[in-house]
Amino acid sequence: DGGTGGFISEPLSNLVPQLNQVTLQQYTYKAFACAGGVCGANAPEANLTVTLRQALLGGGYSIFFHHATALDGADKPDAGVASQWWKSCDPALARQLSHPSSDQEIYNVATFFANSGVEVSKVYASDFCRAQGTATGFDLGQPVLPLPILNPYIYPENMRCADTLSALNEQPDAGTNFVFVGHAQY
């Protein structure tokens with residue numbers, strides 16, 4: 001059970017059960033008329049299906065994006081750690097965003113956030129130029145913070161998955177969300 005709401009503007013987090021899994025849910029709510037501690041038995045009923053935008057407006061989410069399309073160049077891990085090749089925006093050292101495809105993808109996400117009222121309090125991205133470029137292009141009003149655990153090839157593989165999950169489970173500030181931009185390998 002999500003609990004008892006007391007107002008028509010009750011925050012979604014007070015009404016929706018906390019789930020440990022991501023599933024599509026539809027919730028049914030009943031409003032009982034009560035007087036003197038006695039509630040009527042026949043309550044009107046309403047269904048609530050929350051849209052993505054509605055859920056994100058309530059805050060409390062970590063939103064993970066794969067970087068935009070990046071087909072230009074190739075990753076060169078054999079360049080060595082000292083070169084920090086993964087931070088390079090040179091396609092001779094690391095794959096880069098593919099324009100104009102990546103521009104349109106980034107624009108679509110930026111437009112959603114600009115028009116939705118969804119608040120973001122932190123933006124994290126891997127150190128790769130393609131992830132930093134994607135996160136910066138989202139223009140979410142927060143600095144893009146590098147998060148090394150999102151770096152494939154570089155961060156110790158035996159801890160990367162667990163550490164990434166730990167970061168994703170960090171609780172955002174009330175009414176806000178976190179955005180992460182990384183890669184497919186987790």
Side-chain angles (χ1 to χ4, degrees), residues 2 7-16 18-19 22 24-25 48-73 75 84-91 94-155 160-186:
F7 304 94
I8 196 164
S9 61
E10 194 73 36
L12 187 61
S13 60
N14 292 352
L15 300 174
V16 178
Q18 297 298 313
L19 301 174
V22 177
L24 180 60
Q25 300 287 329
L48 170 68
T49 302
V50 180
T51 66
L52 175 63
R53 179 182 170 274
Q54 289 168 329
L56 294 176
L57 280 169
Y61 292 92
S62 289
I63 309 162
F64 188 94
F65 289 95
H66 183 277
H67 60 75
T69 300
L71 302 174
D72 299 343
D75 290 339
Q84 295 193 346
W85 62 269
W86 61 94
K87 293 182 180 181
S88 176
C89 293
D90 180 352
R95 258 184 25 240
Q96 304 301 314
L97 293 174
S98 301
H99 308 285
S101 298
S102 61
D103 297 333
Q104 185 62 53
E105 295 162 359
I106 292 167
Y107 172 80
N108 291 344
V109 173
T111 300
F112 168 81
F113 279 98
N115 295 331
S116 69
V118 172
E119 295 291 329
V120 173
S121 57
K122 290 186 182 174
V123 180
Y124 297 103
S126 89
D127 290 320
F128 282 69
C129 184
R130 58 188 178 254
Q132 289 285 317
T134 299
T136 300
F138 288 166
D139 193 23
L140 297 172
Q142 300 295 330
V144 177
L145 306 170
L147 190 60
I149 60 174
L150 298 177
N151 296 339
Y153 308 114
I154 307 307
Y155 195 81
R160 198 157 58 88
C161 183
D163 289 350
T164 298
L165 286 174
S166 179
L168 290 169
N169 283 322
E170 182 183 341
Q171 188 63 39
D173 299 331
T176 70
N177 304 282
F178 291 162
V179 167
F180 294 80
V181 179
H183 308 269
Q185 309 94 327
Y186 296 97

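In this pair, F64 and F180 present their aromatic rings parallel. The plane angle is below 30°, not in the 30 to 60° band.
Atoms CD1 and CG, on I63 and L168 in that order, are 11.0 Å from each other to the nearest 0.5 Å. Note: H67 NE2 to I106 CD1 = 10.5 Å, rounded to the nearest 0.5 Å. For the atom pair CZ of F113 and CZ of R53, the computed distance is 12.0 Å after rounding to the nearest 0.5 Å.
V144 approaches A125 most closely through the heavy-atom pair CG1-CB, 3.7 Å. When every heavy atom of D173 is checked against every heavy atom of T176, the shortest pair comes out as O-OG1, 2.7 Å. Nearest heavy-atom pair across T134 and A68 is OG1-N, 3.0 Å. The two residues H183 and A131 have their closest heavy-atom pair at NE2-CB, 4.3 Å.
Side chains of Y124 and E170 form a contact here, defined as non-hydrogen atoms less than 4.5 Å apart. A 4.5 Å side-chain heavy-atom check between P152 and R160 finds at least one atom pair inside the cut-off. For the pair K122 and P172, the minimum side-chain heavy-atom distance is 4.5 Å or more. Side-chain contact between D72 and L97 is absent, with no heavy-atom pair separated by less than 4.5 Å.
Annotation: side-chain hydrogen bond (donor to acceptor under 3.5 Å, both in side chains) contacts of Q142 (sequence neighbours excluded): none. Qualifying side-chain contact (heavy atoms from CB on, under 4.5 Å) partners for S166, counting only residues two or more places apart in sequence or in other chains: none.
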Full working for side chain to side chain contact (heavy atoms under 4.5 Å, CB included) between F112 and L56: CA-CA 11 Å; F112 168 81; L56 294 176; 4.2 Å; yes
Working for side chain to side chain contact (heavy atoms under 4.5 Å, CB included), residues Y107 and F138: CA-CA 7 Å; Y107 172 80; F138 288 166; over 6 Å; no
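Between the side chain of N169 and the main chain of L165, a donor-acceptor pair closer than 3.5 Å is present. A distance-only check finds no donor-acceptor pair linking the side chain of S62 to the backbone of F178 [under 3.5 Å]. Side chain of S88 to main chain of A94: no donor-acceptor pair is present (N/O by atom type, distance under 3.5 Å, no hydrogens or angles). A side-chain donor-acceptor contact under 3.5 Å links Q132 to the backbone of S126.
Counting only residues at least two apart or in different chains, salt bridge (charged side-chain N to carboxylate O under 4.0 Å, His left out) contacts with residues 126-149 comprise D75-R130.
Side chains of S101 and T69: a donor-acceptor N/O pair is absent below 3.5 angstrom, by distance only.
Between N151 and the choices I149, L147, I154, the side chain to side chain contact (heavy atoms under 4.5 Å, CB included) rule is met once, by I154.
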